[in-house]
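These notes concern the structure reproduced below.
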There are 2 protein chains.
Amino acid sequence: MPVIPSVYQNFDDKMRRILYNVLSAKTILYKSNQMISYSMGKRNVIGIVEQGQVRMIRYEYTGERTILDEFDEGDIFSDMFVESDFSELSVEAITNCAVTFIDYEEMISKAESSKLALQFLNNFIHVISHTLVKRNERIELLTTRSIRNKLLAYFELQAKKSNSKTFNLNYSYTDLADYLAVDRSALMRELKYLKEEKFISDVNKKITLLY
Amino acid sequence: MPVIPSVYQNFDDKMRRILYNVLSAKTILYKSNQMISYSMGKRNVIGIVEQGQVRMIRYEYTGERTILDEFDEGDIFSDMFVESDFSELSVEAITNCAVTFIDYEEMISKAESSKLALQFLNNFIHVISHTLVKRNERIELLTTRSIRNKLLAYFELQAKKSNSKTFNLNYSYTDLADYLAVDRSALMRELKYLKEEKFISDVNKKITLLY
DNA sequence: TTTTGTCTGTTGCAATTGCAACAAAAAAAC
DNA sequence: GTTTTTTTGTTGCAATTGCAACAGACAAAA
């Protein structure tokens, strides 16, 4: 079972408080559907999702929407990880959530003198690495050559993550289509074929791989 | 003009030698087309491309090939960044090249005591961040909804990187198709249309955006 | 509790894409 | 400099996908 790294690995509450004090971290609360704007001028800022769920979304001028990434508790996001002027990106709170912001340079410079900050830095790297893994997975999904293969690859990934052939979809099909970058109705059609051909079963959002 | 981060930022040759000594780094030479196997048992190993060009490729059992990523001088790759058992991945030397391998835990633990190692760690994070940016770009390309849009998005990215409407393709069209995950002949056809409709000109691999 | 909005499920039709197959050009190997 | 391999360029045809439009289910808000 893969361990999902967290920036708080080996940290208890007290250590966390000390650390956040050392790093001058700020925690901000957002309501669901609220926009999160975190680019504070020229500084490299890191956002840590403490609670709730956050998504990075691209809106095309055509009205097309693509879910670029989803961040859950313990995930981090940062403008350091995004080329800003490629297209219109926004980060949105999906649920009510709490996000802590840290200044990157602060984190590095404090790592020299504070063991806690170095440990945090270490955790931070593991989290970025894991983010990279997620991105790679995404790329692997997107580079499969048909909707059928995209769906199966996605389902297999979910099955692997939940360690079972049966799992609950936590995307709506509308969102899944945006995530896999395909037309929703075409996705529904392919899903129907997959059910008809007994590749999967789908009892309202509970998917089972039948092979 | 965006600065591409390097793990050797602020390092001269002497510092680099000292650092590599501290970290017990090993540099290995590969001939072009040679396979690079870098997973040294259970350790987290980081490969730094010193010279030449390296690609990460997925081969499907169907014979399909997808170029997942390309690493140039100063880029890093690591098994930390890849979920190993998803599909058959290989890392291959495209040209003759030199790759330095570093043990991740070594890098972290030495950062505490060695200023040089901490600086290297800092650089390392910037490089990973940049890798993430590249992955995001890739995802943005892959999530556009047609071959035409993929091509245009790719061309625009290259134009932006070379800071000019004219630039040289360094992929063959065969490779570009594998990179954009589309059929080669379909890509050629779309390219023809783009030329006919005066969106671009293409004088043997020198592309110009005409809009 | 009604209203409003979003999500699911479906379908015909058109557009796009992939596949297969081939010839010519270019590049690499000998 | 000749041979071999790879890449480019093209096309007809079939399969897949997107688009548009709709009805019903479901959820959220008033």
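A note on names: the letters A, B, ... follow the listed sequences, proteins ahead of strands, and every chain is numbered from 1.
H126(B) and Y104(A) have perpendicular rings, their planes meeting at more than 60° on a 0 to 90° scale where under 30° would count as parallel. Under the 30°/60° scheme for interplanar angles, the aromatic rings of F77(B) and F71(B) are found to be tilted.
At a cut-off of 3.5 Å, with distance as the only test, a side-chain donor of D202(A) or Y173(A) sits close to an acceptor on the other residue.
When the P atom of dG18(D) is taken as reference, atom CE of M188(A) falls 14 Å away, rounded to whole Å. In this structure, D183(B) atom CG and dT8(D) atom P are separated by 14 Å, rounded to whole Å. When the C1' atom of dT11(D) is taken as reference, atom CG of L187(B) falls 16 Å away, rounded to whole Å. What separates CZ of R148(B) from P of dG18(C) is a distance of 15 Å, to the nearest Å. When the C1' atom of dT11(D) is taken as reference, atom OH of Y193(B) falls 10 Å away, rounded to whole Å. Distance L151(A) CG to dT16(D) C1': 13 Å, rounded to the nearest Å. If you measure from atom CZ of R145(A) to atom C1' of dG18(C), you get 10 Å, rounded to the nearest angstrom. One interatomic measurement links the two molecules: OH of Y173(A) to P of dA25(D), which rounds to 18 Å at whole-angstrom precision.
Between S185(A) and D202(B), the residue whose closest nucleotide on DNA chain D is further toward the 5' end is D202(B). For the pair V182(B) and N33(B), both in contact range of DNA chain C, the more 5′-proximal nearest nucleotide belongs to V182(B).
The S146(B) side chain lies nearest to dT16(C) when the options are dT17(D), dT16(C), dG18(C). Nearest to the side-chain atoms of R184(A) among the listed nucleotides dG9(C), dT10(D), dC19(C) stands dG9(C). Nearest to the side-chain atoms of R189(A) among the listed nucleotides dC13(D), dT8(C), dG12(C) stands dG12(C). Residue T174(A) places its side chain closer to dC7(C) than to any other of dC7(C), dG18(C), dT8(D).
Using a 4.0 Å heavy-atom cutoff across all strands shown, K205(A) reaches sugar-phosphate atoms only and no base atom. Residue L191(A) is out of contact with every strand shown, counting any heavy-atom pair closer than 4.0 Å.
Contact check for V99(A) versus I36(A): side-chain heavy atoms found under the 4.5 Å cut-off.
Crowding of Q9(B) atom CD: a count of heavy atoms from other residues, nucleotides or ligands under 6.0 Å exceeding 12.
For the OP1/OP2 pair of dT8(D) and a distance below 4.0 Å, the side-chain nitrogens and oxygens of K192(B) include no atom meeting the criterion.
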